[in-house]
Structures are given as C-alpha cells and as structure tokens.
Amino acid sequence: MKTVSIDRSKCVGCRNCEMACAFARTGTTCESQESNIKVNHYLDERVLMPMTCLHCSEAWCMSVCPAGAISRNADTNAVVIDEDRCAGCKMCMLACPFGNIHFDNEKLVSRKCDLCDGAPKCVEHCIAGALKYEDMNDNAAALRCKNDHKLIAQAL
Amino acid sequence: MQTDVLIIGNSAAGLSAAETIRKYDFDKKITIVSKESGPAYSRVLLPYVLRGKLDYDNLFIRDGNYYIENNFYYIEGLIVSVNTESKTAVCESSEIIKYDSLLIATGSNPVKPPIPGIESEGVYHMWTKDDLDHLMPHFNKDKRVVVIGSGFVSLQAAWSAVCKGLKVTVIELADRIMPSVIDNKGAEILTGKIKECGVDLRIDTLTLAIKKRDDGTFVIDLKDQSSIEADFIIVGTGVKPNTSFLEETDIDIDRGICVNRYMQTSVDDVYAAGDVAGGPTAFGDQHQIHALWPTAIEMGKVAGMNILGKQFVYEGSLNMNVTQMYDMTVASMGQFTDNLDCDEHLMPESSGMGYLKICAKDDQIIGACLIGKTSAMKIFGMLRPVIRLNKKLKVDITRLESDLQKLTYGVAH
Ligand SMILES: Cc1cc2nc3c(=O)[nH]c(=O)nc-3n(C[C@H](O)[C@H](O)[C@H](O)COP(=O)(O)OP(=O)(O)OC[C@H]3O[C@@H](n4cnc5c(N)ncnc54)[C@H](O)[C@@H]3O)c2cc1C
C-alpha cells in the first residue's frame, strides 16, 4: 500500500504542497486555509514540518464517526470522508490526535486528505523531495514511515 | 437457540464490540438483539435530521448487507430477563437464548420528571428513531415548541426547532444552562447566543403542570413566571441506564452496571459497555457513566477484545463533547468546571477562537471548554492523548497550538 511519506529534514517551507492541495480541492483557489496539508514553522527549533493525514491503520476518526461517514478506500487505503453522510458534528476533529482533520465552513462538513485517489497533488508539487508517495513495503519508505507509526502508537 | 456471544444492543457499544470480535474471529457465533426494529442507526444524528442538515436515510449507519456480510445473527426483540447461572436470556417472544459470553450494551432511556400532564399525547423525547418519526411532522414553521431541560440534547433539539423557524421556549430548573457540559462563563456566552436566536429561555424555574386544552394545544405553568403556550413539548431532563431486565441477577449495579478495566461485570462471562455501564475514567474514578458516543465505542472495543480472551486493559474513559449550535462550536473535554482547584488559562481574543479555557494542574492539562470557533477543535484533538497519558506541558496559552503540535510530533528544542 502506498502512502505519503514525509521527510522533515528536506522540507524547505515553500508551501507548494498547500497551494496544490487547495487548488486540487477547490478548483478555484490556492489559499492555504483550503488545504488539507499544513506546513508548520517552528522558528526556535529551526524545524519545518508538513502535517497531513497519516491514514492510521486503527483510525480513531473512523471508529468514532457517529454518522458512518468515514471509511477506508479499498483501492488507495486512504481514510476518506463521505460529505453527503457527514453531519458536521466534529467528533472526528476531537478524535484526531494529530490535528489533521479540517472543517469546510461553507459546506459545514469535515474534510481531510484522501490521497487524491492515488495521485497526491502535494507530492507532485513538492520541490524538495520531502513528500513522496511510495509503497510502505519498500525498505526506505518503511523507515520513513516508522516515525509516523511510532507517533500513532503513542497517541492512540 | 445457542450462541457464543450474545450482545444486547445494536448501537455504538454493541456494534463496536461485535466488529472488534469479527476482526479476529470470523467463526464465533455472534447474536445481536435490539428492541428497536430495523437496522442500526445513530442517535447523535437525530437533531441533524430534524433540522434538515442530513437526509433521513443517512440515519442508518451500516449498509443493508452489514449483518449478513459480517455473519452477525440479528434479532429484533426485547430482552426481558437474564439468568447468569444457566447463561440464558429471555426475549419478550419467550424465545430463550443460551450464551457463552454476554455483553450488555442496552444504553439509556430518558427519564420523565414528575410533572402533572407529562404523559399527554404531544409530549415527546428526542432519544430514538421513533421519537424522531413523531417529531418530524411537528417541525413546521409557525408551530410553537416548549423544550423542558437545557442539557446537551435538549439544546440541540431547540436549535433544530430554531433552524426550522419554530417559536421556541426552553425551560431550565437550575440557574444556568448545560450544567455538566460547559463552565459558567461558557453558559453565559451561549445563553446570549440562544436569546439572540430568538429563543425564550426561562432559567431557574420549576415546571408545575402541563395542561392540554380541548383544541390539542398546551399551556405550561411555571413557578413564579408567566405560563407558556405550545403546540407540542420535548422533554429532555436526563437519562437512566436500561438495566431493569437484570433485576433477578447478581450483577452489581450502581445506577449503571459496574465494570472493571476489562468491561467485566461482577458476574463471570458477563460484560457491559456504553451508556448502560459505569467504568473507570482517565482521572481515576472507578464507575463513572459518561453517556457519550466515543466512550461507548471505546468500551465496546475493550469488551470485544476481552470476550476474545485477549486481556485488553482500558486506559479509562475521557469525557469529550462537541456540537455546533446557535452558530457556535460548543465543546468540552476532561475537567473544566468552575469549582476545580487548578490554573485556568484563557485563549486571548486575538486568536479568533472565541471563548476557550484550558485547565491545568502542575504543568499537566486536565481539561478544556470552548464556546467559539471550529479552529479551536484541533487543540482538543491533540489534547486527548496529552490528558490521557499525563504528558507534561507548561501552558503558554499564546503558543499552545504549536506547543501541542511539537509535543505530538516529537519536535525537540
Ligand atoms: C439526540 C441525541 C444526541 C446525541 N448527541 C451526542 C453527541 O453529540 N456526542 C456524544 O458523544 N453523544 C451524543 N449522544 C449520546 C449517544 O448517542 C450515546 O452515548 C450512545 O448512543 C450510546 O451508545 P450505546 O450503544 O451505549 O447505547 P444506545 O445507543 O442507547 O443503544 C442501546 C441499544 O440497546 C437496545 N436495547 C435496549 N434495551 C434493550 C432490551 N431490553 N432488549 C433488547 N435491546 C435493547 C436498543 O434498541 C439499542 O439498540 C446523543 C444522544 C441523543 C439521543
């Protein structure tokens, strides 16, 4: 299964990923508040960190959704929100320990990364090689994902 | 009939347990019984359907083939008694079900306060799909509704009525709204919003009587306040765990069914989970009833794991609540009430998040309460593991969001 892996040490903070995501979602704007990926800057620590859904194997948001609106896409393994079913109750935002679920203030539904049906635009537009869409079974990718899985295990 | 696992309850806790068992074992015979007919639906969605945010069909949270695909044996029926010695449960239809393991996930039911006239036709709760079916035809513009009680569910019912253009009155016995869900300041802010939305909010008053007139409308008499007229009434003054069918058993019940960290009751092979159960909390309480959806899901999972014999320990429930009403996001988590001995940190107005209070004790966050904007919800999500795992964090409120991210993602200085 493929996923978006993040190599913080390579991120240059250009925010191309945010713009690409915002545009892919809306088709009209590149404004970063419309994006499902966020690059955080921690100046004191000199760290840049892109944050996007980790598609946790035990996804809490999915178990807890009281509307049955969150499921796993069988083809891409992405954890996805069905916006017709989403009530906009925000329980998934309470559940996500990573702050990776966002809210669409116009449609009044939650939104999150869906891996662009298997062709993530954030990866396509990453100029630094910090984001990769790769098979987790691949050794190098597995190493990069290990950090994420450690985080998931700690947080859930 | 005979079954390996009998689950009484076809909702959050019951299904979470059933699905957990299925994940590891496809052969165990699992029987699910529900007194409500039809496939599983979500109570949480009732107000969203009432106000027209969701289609009625979306109430049903598992698709049509669910029971067959998962090899669940589903019985529509009321369980009237259980015998834990012979390991049997009896349905209203007199059918006897023999089990190896029993999970009680029967939830809770609304209580009726002792008000004369409360049994009249036209007085409803908003708790089940049946209630929704009764309420839907009344949710028309120009109708007048009185909501008795101002808890989380009642205020959502009132908000649905506001959205549909009804004339709404809310009556509360206490001197403020939503006693257990938000703090005093939060209640004050929300009270302002509720009134701005045109609701006639009557606090600090007792409902003396509900009188039905010949034309079918109601007059509600209040103590020391003017009476109110209404076309129908919604009562939401608290709930009580569904345990009456257990009277003849030795199962320990203290309001709810007492369970340990494995969701075991005091009787072997009998488990309980969800609104019906009082279990351990993240703050060290032994038997607390939350009556919240996420807690029901967690408890169901723990019960399922232990029915499989996996010795899975529950870390303790953490109360968390969120909803959108009166154009505000209302949320709370952990400990946040006014009487606590703790440090309170208020998010500055410039954050644009609204009223957000963080409670901390010795560099450990213990709870939060919000009447404000969705943008604050990410803080709540990240707080959950921080509160649960007792992670240390010195609260600097202006940097809280980024400090939480750093803690979450292990970004070190
Ligand atoms: C209008 C409304 C809004 C809510 N909003 C929220 C919210 O925003 N957030 C939140 O966290 N919680 C909310 N809740 C609470 C939440 O719905 C409950 O905590 C949750 O449903 C509990 O799940 P449960 O499985 O324990 O019990 P229930 O959902 O109550 O299910 C009980 C099951 O047991 C069956 N049953 C009961 N007795 C018997 C019997 N004797 N024989 C056979 N079957 C029986 C019932 O048919 C049902 O299938 C809301 C509740 C309501 C009513």
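Throughout, a chain's letter reflects where its sequence line sits, starting with A, and its residues are numbered from 1.
- The two residues A:Pro97 and B:Thr408 make their nearest non-hydrogen contact at O-CG2, 3.4 Å.
- To the nearest 0.5 Å, the span separating CG on A:Leu94 from CG on B:Leu318 amounts to 9.5 Å.
- Of the atoms belonging to B:Val322, heavy atoms from both backbone and side chain fall under 4.5 Å from chain A.
- Taking non-hydrogen atoms and a 4.5 Å limit, the residue list of residues 152-159 of chain B in contact with chain A is empty.
- Proximity to chain A is limited to the side chain of B:Lys23, based on heavy atoms less than 4.5 angstrom apart.
- For the options B:Arg62, B:Arg43, B:Met382, heavy-atom pairs under 4.5 Å to chain A are most numerous at B:Met382.
- Interatomic distance, CG of A:Asp84 versus CG of B:Asn58, reported as 7.0 Å (0.5 Å rounding).
- The line from NZ of B:Lys406 to OH of A:Tyr42 is 7.5 Å long, rounded to the nearest 0.5 Å.
- Heavy atoms of B:Phe60 lying under 4.5 Å from chain A belong exclusively to its backbone.
- Contacts of B:Ile297 with chain A are made by side-chain atoms alone, with heavy-atom separations under 4.5 Å and no backbone atom involved.
- Residue A:Cys65 touches chain B through its backbone alone, counting heavy-atom pairs closer than 4.5 Å.
- Of the listed residues B:Tyr41, B:Trp293, B:Phe380, the one with more heavy-atom pairs under 4.5 angstrom with chain A than any other is B:Trp293.
- Only the side chain of B:Glu298 comes within less than 4.5 Å of a heavy atom of chain A; its backbone N, CA, C and O stay farther away.
- B:Thr329 and A:Lys90 share a donor-acceptor pair across their side chains, judged by distance under 3.5 Å alone.
- One finds a salt bridge joining A:Asp44 and B:Arg399 here, because a Lys/Arg side-chain nitrogen approaches an Asp/Glu carboxylate oxygen to under 4.0 Å.
- Only the backbone of B:Asn321 comes within contact range of chain A, judged by heavy atoms closer than 4.5 Å.
- Contact tally against chain B (heavy-atom pairs below 4.5 Å) for A:Arg85, A:Met93, A:Met51: the top residue is A:Arg85.
- The line from CH2 of A:Trp60 to CZ of B:Arg384 is 5.5 Å long, rounded to the nearest 0.5 Å.
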